[in-house]
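Take a look at the structure below.
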Number of protein chains: 2
Amino acid sequence: MTPVDHPAPAASPASPPRARTVRERAREQITAEILTAARIRLTESGPGELSLRAVARDVGMVSSAVYRYFASRDELLTALLVLAYDELGAAVEQAEAAVTDRHDVVGRWRAAWLAVRGWAVAHPGDYALLYGSPVPGYAAPQVTVEPATRVIVVILGIVMDATAAGSRMPEPPGSGDDAPVVAGAIGFAQERGLMQAEAPTELVVRTLMGWTTVFGTISFELFGHLVGSVSRADDYFEIVIDRLAADLGLTEAD
Amino acid sequence: MTPVDHPAPAASPASPPRARTVRERAREQITAEILTAARIRLTESGPGELSLRAVARDVGMVSSAVYRYFASRDELLTALLVLAYDELGAAVEQAEAAVTDRHDVVGRWRAAWLAVRGWAVAHPGDYALLYGSPVPGYAAPQVTVEPATRVIVVILGIVMDATAAGSRMPEPPGSGDDAPVVAGAIGFAQERGLMQAEAPTELVVRTLMGWTTVFGTISFELFGHLVGSVSRADDYFEIVIDRLAADLGLTEAD
DNA sequence: CGAGAAACAAGAGCAGTGCTCTCATTTGTT
DNA sequence: AACAAATGAGAGCACTGCTCTTGTTTCTCG
């Protein structure tokens, strides 16, 4: 809570952009070193067991010195959370943007989700931090919310592009007034201009389902629940995202 | 590894079933007390942060005394794992068996999955232990495998009953030879007599997908990823399992 | 340039952890 | 009654997050 004696976080208003002092640059570098070491530790230690002292030893400092950079272990976790969310989001955005044929919504869908799995497999510790069990007693602060939405924003963009292009989806089984249940998701998409007002509720439901299915699949793979059932997880993953694309009415490019 | 000095776990062969001594009964009771206290602690502490000393205090013992009952914290975790898997499995089996009309596969499907979510919401700590991020450095031993399969066995039974009764599923999008990927799941089902040899691969794929989707949905709900998108998680859950039933070709009872 | 302030690193220390060891006590068997 | 096994308690080791104090380095400003 008490931020010890951090440096002035931002210059006071109407002050010219001063040149970065040696101290400021050193501080950024050491902060980055701590974060890097913490991420490495996270791969084999889990968020709750992350030892701040071990991280300190890795960067050649004494534990109390780390508290100059992060007021608590929770603050370190928050920084790691933001870092990982942003890295994952950037990877997905980049992979999806690399699909040159923007009408190929299936290709974009596959590229985005394959990037998610690729990042998760490459960074299982960070993935567990983001999508595994939350650390008890730790509530992710507001700064983590926006980075956390980057993946679903990309996915929603693909689905809405497909709908605008005329994709059609099978009708829902029951005639239901499901809109109130997913009103939050609808509002989220509309606020970001991703969704026209007439987008059907069922499309939102299916997109949410696809979202949870993909992350559920990755979690099951990384957490060991597919052992014995699925031989090659990468092939299975492609099967899954293809079925989900079909369920959403995404059609191959023509 | 060294099991300290546990009592003789099983009577030697060809010995009559001796009456349980006071000690044996006391041991079972204290073991149960420790497990109960540990489960309570687990709700607000997470598996990795579970304090054996705190559990000991809760049952009025000193920490070293607990080691008479569990050789290590990992062994305690294993016992908790088996306990939770069995409790969840029993709840699902019971709820599914309570559907008197055995031809109502949709009803059985809904009953089973609603029991899973009900148990998960009632025991979030145990759910995180089972389906959250694994405790780093802890490998679940063999004894946990069988209890862990009870839910999917129930689900497979429903799907296979429906198929035997003539349910049909939409064709898969791509013509693929996906059988090798899910060969493990096919073998699993066949070994337990749940699956006739001619069950289509696509049905297995869709069952696996439904399985991961449901647990992905529950995990997203309990781990906070649906906040903002879904207002009433219980309603959303029912929407999801209805869509999954439709995707599997499960039809309403007639 | 040189003084004062700010930032920093190191160490000691506190309360907590998992786990081991020793020792006294209780219980069951012969 | 005698002996062995099982049990509980306590001290102790190495570790943890975190705080506080002390000495040093770096920046800023008169």
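Chain identifiers are assigned alphabetically (A, B, ...) following the order of the sequence lines, protein sequences preceding nucleic acid strands; residue numbering begins at 1 within each chain.
A ring-centre distance under 6.0 Å is not found for Phe237(B) and Trp113(B). Outside the 6.0 Å centre-distance limit, the rings of Trp119(A) and Tyr127(A) are not counted as a close aromatic pair.
Distance Leu76(A) CG to dC18(D) P: 10 Å, rounded to the nearest Å. Across the protein-nucleic acid pair, Tyr67(A) atom OH and dT21(D) atom P stand 17 Å apart, rounded to whole Å. Rounded to an integer number of Å, the gap from Asp58(B) CG to dT17(C) P is 11 Å. Distance Arg25(A) CZ to dT26(D) C1': 14 Å, rounded to the nearest Å. One atom, CD1 of Ile30(B), and another, P of dA6(D), lie 15 Å apart when rounded to the nearest Å. For the pair Glu49(B) CD and dG17(D) C1', the interatomic distance rounds to 13 Å; values are reported in whole Å. If you take CG of Leu52(A) and C1' of dC15(D), they are 14 Å apart, rounded to a whole angstrom. What separates CZ of Arg27(B) from P of dA5(D) is a distance of 15 Å, to the nearest Å.
Nucleic acid contact class of Ser72(A) (heavy atoms, under 4.0 Å, all strands): sugar-phosphate only. The residue Arg53(B) sits close to a base: some heavy atom pair falls under 4.0 Å. Ser51(A) comes within contact range of the sugar-phosphate backbone alone, with a heavy-atom separation under 4.0 Å but no base atom that close.
Defining each end axis of the helix from dC1(C)-dG30(D) to dT30(C)-dA1(D) as the rotation carrying four pairs' C1' atoms onto the next four, with five pairs an end, the two axes are found to diverge by 0° to 10 degrees.
With dC18(D), dA10(C), dT16(D) as the choices, the nucleotide that has an atom nearest any side-chain atom of Ser63(A) turns out to be dC18(D). In this structure, of dT17(C), dT19(D), dA9(C), it is dA9(C) that holds the atom nearest to the side chain of Tyr69(A). The side chain of Met61(B) approaches dA9(D) more closely than any other nucleotide in the set dG18(C), dA9(D), dA9(C). Ranking dC18(D), dC8(C), dG10(D) by closeness to the Val62(B) side chain, first place goes to dG10(D).
A donor and an acceptor atom sit less than 3.5 Å apart, one in the side chain of Arg68(B) and one in the base of dG8(D).
A donor-acceptor pair under 3.5 Å is absent between the side-chain atoms of Thr213(B) and the main chain of Thr213(A), judged by distance alone. With hydrogens and angles ignored, the 3.5 Å screen pairs a side-chain donor or acceptor of Trp109(A) with a backbone N or O of Ile241(A).
Salt-bridge check for Glu87(B) with Arg39(B): passed, with a basic side-chain N closer than 4.0 Å to an acidic carboxylate O.
A 4.5 Å side-chain heavy-atom check between Tyr131(A) and His225(B) finds at least one atom pair inside the cut-off.
Side chain to side chain, Tyr236(A) and Thr217(A) fail the donor-acceptor criterion of an N or O pair below 3.5 Å.
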